[in-house]
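Presented below is the structure to which this report refers.
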Amino acid sequence: MLSDAVDALREWQREGAPFQLHPGDLGWFWRFGEEALTEAVRVWRRDGRVVAVGLLDSPDLLRCTIGPDFQQDESLARQLVEDVSDPERGVLPAGKVCIDSPVGTRFKELLFSRGWQTDEPWTPLRRDLTSPVPDPGARIEVIGPDQAHLHAAVIRASFEKSTFVDERWHMMAGGAPYADARSLVAYDGDAAAAAVTVWSAGAGKPGLLEPMGVHRDHRGRGLGRAITLAAASALRELGSSSALVCTPSSNVGAVATYRSAGFEQLPEIADQRRD
């Protein structure tokens, strides 16, 4: 099932599409292990073909995307709504939950008609990779297994509740999506100070930054911009057509950092919430 989900998500990535679930999102979740990811992934099929994929990113958040040919399919949309509305179907639990799905789908319209509300806004950003990316102006290293501790330590120091340790880096790197991914670290002197993992979906398709962080002790020195430029350059080398990232709109510092690295701020999107 995982390979089918990853393959479908790769196939569905295309320029101009609404921001959606990316194979890199499954790759990042792989840090918890293949078994945990298998339990978190939901796949819908029609005549054996994958038509929708969901990731239970947290117990109360389903990130869901739909194949381009089925985004206006009425019967699929109704099936999805019924599946996410009935806890006994094992897609979402009862109570307050959220769904992240692409803008403009029939599924999203039906959720609103069932009383789902708009949740907090997110800001997607995109950088075109047609032209070479400027030098980041900092020492950058591609992280391999022997340096996993450096990458993990920076991520932990970048996010207050992060539990990302060396073992989870190795789990992530052992997942199928990581074959088209890179982990990078930027240095402040001799100290690892910023980190990112980038995920390609294949040549000519948008790539994803997930996650990017700057060590709390090294902020305000331009390292967020540096590691973001390095990430865009790495995706270009992997053949990606563009680099994508999405951050809470309330995180104005992150939005400013991505914009400083040449990312275009796209219209806000929002999850849907059932109270």
Side-chain angles (χ1 to χ4, degrees), residues 15 18-22 24-25 27-28 31 57 63 100 120-143 150-162 164 169 172 181-201 206-238 240-271:
E15 291 297 335
F19 196 88
Q20 62 179 325
L21 195 64
H22 191 277
D25 293 307
W28 173 232
R31 70 194 186 277
D57 212 1
R63 302 184 60 193
D100 165 30
E120 296 298 318
W122 290 71
T123 296
L125 300 102
R126 174 188 179 273
R127 181 186 171 108
D128 182 82
L129 297 179
T130 304
S131 302
V133 179
D135 186 276
R139 175 186 160 202
I140 306 291
E141 286 189 356
V142 178
I143 295 300
L150 297 175
H151 187 273
V154 173
I155 294 298
R156 284 199 310 277
S158 302
F159 300 97
E160 184 177 347
K161 297 181 180 180
S162 175
F164 193 53
W169 187 95
M172 174 186 76
R182 299 287 185 276
S183 291
L184 309 174
V185 161
Y187 285 82
D188 185 7
D190 292 329
V196 69
T197 298
V198 297
W199 306 88
S200 168
L208 180 72
L209 283 65
E210 179 62 42
M212 187 281 283
V214 180
H215 194 295
R216 65 176 69 92
D217 295 336
H218 297 270
R219 293 174 181 163
R221 304 176 191 180
L223 290 164
R225 177 179 183 274
I227 196 67
T228 302
L229 285 171
S233 182
L235 282 173
R236 189 171 189 270
E237 291 176 5
L238 289 166
S240 298
S241 55
S242 63
L244 301 175
V245 69
C246 196
T247 189
S249 297
S250 59
N251 192 345
V252 294
V255 173
T257 293
Y258 293 125
R259 293 188 63 181
S260 74
F263 281 66
E264 175 191 3
Q265 185 173 338
L266 303 176
E268 285 184 331
I269 58 177
D271 297 343

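Sequence positions, counted from 1, serve as the residue numbers for this chain.
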[atom1] of [X] to [atom2] of [Y]: how many Å apart, nearest 0.5 Å?
{"X": "His22", "Y": "Trp28", "atom1": "NE2", "atom2": "CH2", "value": "15.5 Å"}
{"X": "Leu184", "Y": "Thr197", "atom1": "CG", "atom2": "OG1", "value": "7.5 Å"}
{"X": "Phe159", "Y": "Met212", "atom1": "CZ", "atom2": "CE", "value": "7.5 Å"}
{"X": "Leu266", "Y": "Leu125", "atom1": "CG", "atom2": "CG", "value": "6.5 Å"}
{"X": "Leu21", "Y": "Asp100", "atom1": "CG", "atom2": "CG", "value": "7.5 Å"}
{"X": "Leu209", "Y": "Arg127", "atom1": "CG", "atom2": "CZ", "value": "11.0 Å"}

For a quick test of reading the model, state the closest non-hydrogen atom pair linking [X] to [Y] and the distance between them.
{"X": "His151", "Y": "Val185", "result": "CA-CG2, 4.0 Å"}
{"X": "Glu15", "Y": "Ser242", "result": "OE2-OG, 2.7 Å"}
{"X": "His215", "Y": "Ala192", "result": "CD2-O, 4.4 Å"}
{"X": "Ala193", "Y": "Asp188", "result": "CB-CB, 3.7 Å"}
{"X": "Ile155", "Y": "Gly213", "result": "CD1-N, 4.4 Å"}
{"X": "Pro136", "Y": "Ala230", "result": "CB-N, 4.3 Å"}

Does a side-chain heavy-atom distance below 4.5 Å link [X] with [Y]?
{"X": "Glu120", "Y": "Ser249", "value": "no"}
{"X": "Ser240", "Y": "Pro206", "value": "no"}
{"X": "Phe19", "Y": "Leu208", "value": "yes"}
{"X": "Val214", "Y": "Arg225", "value": "no"}

Glu141: partners by side-chain hydrogen bond (donor to acceptor under 3.5 Å, both in side chains), with sequence neighbours left out: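 Testing Glu141 for side-chain hydrogen bond (donor to acceptor under 3.5 Å, both in side chains), a comparison that skips the adjacent residues, returns Arg139, Gln147, Tyr187.
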
For Thr247, side-chain hydrogen bond (donor to acceptor under 3.5 Å, both in side chains) partners two or more places apart: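 In terms of side-chain hydrogen bond (donor to acceptor under 3.5 Å, both in side chains), with neighbours along the sequence ignored, Thr247 is linked to no residue.
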
Asp217 CG: over 12 foreign heavy atoms closer than 6.0 Å: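 Correct, the count exceeds 12.
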
Has the side chain of [X] got a donor or acceptor atom that lies under 3.5 Å from a matching backbone atom of [Y]?
{"X": "Arg219", "Y": "Ser158", "answer": "yes"}
{"X": "Trp122", "Y": "Cys246", "answer": "no"}
{"X": "Arg182", "Y": "Leu235", "answer": "no"}
{"X": "Arg126", "Y": "Leu244", "answer": "no"}

Ignoring hydrogens and angles, write down the donor-acceptor pairs under 3.5 Å from the side chains of residues 253-264, residues two or more places apart or on other chains.
unit_1: Thr257; atom_1: OG1; unit_2: Gly253; atom_2: O; d: 3.0
unit_1: Arg259; atom_1: NH1; unit_2: Gln265; atom_2: OE1; d: 3.3
unit_1: Ser260; atom_1: OG; unit_2: Thr257; atom_2: O; d: 2.6

